[in-house]
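Take a look at the structure set out below.
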Amino acid sequence: MKMPSLLTGDVTGLRGVDLGVRDVAMHARFYTDVWRLAVAAERDGSVYLRGSGARHHILALHPRNGPALLCINLAAADREAVDRLHARVTAAGAPRIGAPGPIAEPGGGYGFAFLDPEGRSVRVIAEDARHADAHSLPDRPEKITHVVLNTPRQEDAAAFWVKALGFQVSDRSLLTFIRCNADHHSIAFHPGESATLHHIAFEMDGIDSVMRGAARMRDAGHPIAWGPGRHGPGNNVFAYFVGPDDFVIEYTAEVGKVDQNHRVSEPTDWAYPPGHSDLWGVTPPPSDRMKAAQKKIGFAQGLFHP
Ligand SMILES: [Fe+2]
């Protein structure tokens with residue numbers, strides 16, 4: 001079958017994620033008081049949290065029997081882009097796909113859900129509500145800048161997102177980093193035994209906010225599990241934590257921007273000072289606790305419905 005064409009920029013960015021948790025109220029308290037998101041809406045036991053950016057919400061917490069990644073949400077340019085992406089995802093062989101239509105949740109919009117070949121629920125959404133008061137604020141995450149996913153088939157997983165959604169490979173290290181806009185990566189695939197969540201990264205306005213956030217996390221009982229440091233691919237500053245229910249979450253800043261002149265690196269291009277795992281040579285490898293948590297969170301079965 002001839003692949004329906006996409007336009008550059010049909011997927012404009014990573015909109016956010018939907019998480020399933022046992023105790024929505026506890027998570028909502030954590031993600032507001034400590035992590036510094038703000039409540040954008042509440043409905044039917046779910047809480048929708050925004051950053052300081054324009055997106056209606058970036059993190060949604062839904063009551064479920066246990067922790068799970070329910071859905072990864074991508075932003076599309078407009079409804080024509082949604083329809084083009086729907087045709088393209090269908091032709092690329094997504095195992096399940098819903099019809100484009102209105103999104104029945106706070107923020108609204110027009111979009112569709114599908115499963116990628118490893119059973120991850122993904123939605124593409126356009127024309128959703130935006131906040132007029134978006135601006136960068138100290139100590140407030142602006143957006144979710146990337147989600148890293150474990151997979152036993154790293155290159156196949158990345159290839160599907162490239163073919164179906166128009167992502168481009170930015171770099172390869174142990175991970176494969178893919179982008180859908182000027183941000184170095186919005187998704188990365190990490191080698192793993194099954195399709196699980198590795199971590200979710202929230203972008204801060206600078207290093208000071210990352211470090212003050214690390215202090216809040218330590219005081220709340222979540223010490224830095226990896227970092228602070230500066231990554232090779234993406235060149236971003238990072239601090240990782242094991243959050244409530246063992247979701248691994250990252251504060252990051254200074255995420256690199258790339259353009260069409262960017263050269264894709266290979267794993268042998270990256271080297272760090274001996275015994276360290278970042279460009280500064282300041283941070284030792286991740287804690288065992290974090291490495292265990294980075295394999296624990298699975299995807300909910302089936303297409304996501306709010
Ligand atoms: Fe990250």
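In each ligand, atom 1 is the first atom listed, and ligand 1 is the first ligand listed. Values below: every heavy atom of this structure, side chains too, minus hydrogens, waters and symmetry copies.
- Distance check for Y240 against the Fe ion (ligand 1): an N/O/S atom falls below 2.8 Å.
- Salt bridge R123/D18: present, at least one basic N to carboxylate O contact under 4.0 Å.
- Using a cut-off of 4.0 Å between Lys/Arg side-chain N and Asp/Glu carboxylate O, D246 and R289 are scored as salt-bridged.
- Between F241 and Y251, the ring-plane angle classifies as perpendicular under the 30° and 60° cut-offs.
- Residue side and main chain included, H231 places no N/O/S atom under 2.8 Å of the Fe ion (ligand 1).
- Of all N, O or S atoms in E250, the one lying closest to the Fe ion (ligand 1) is OE1.
- Between W226 and F238, the ring planes are tilted. Angles from 30° to 60° get that label.
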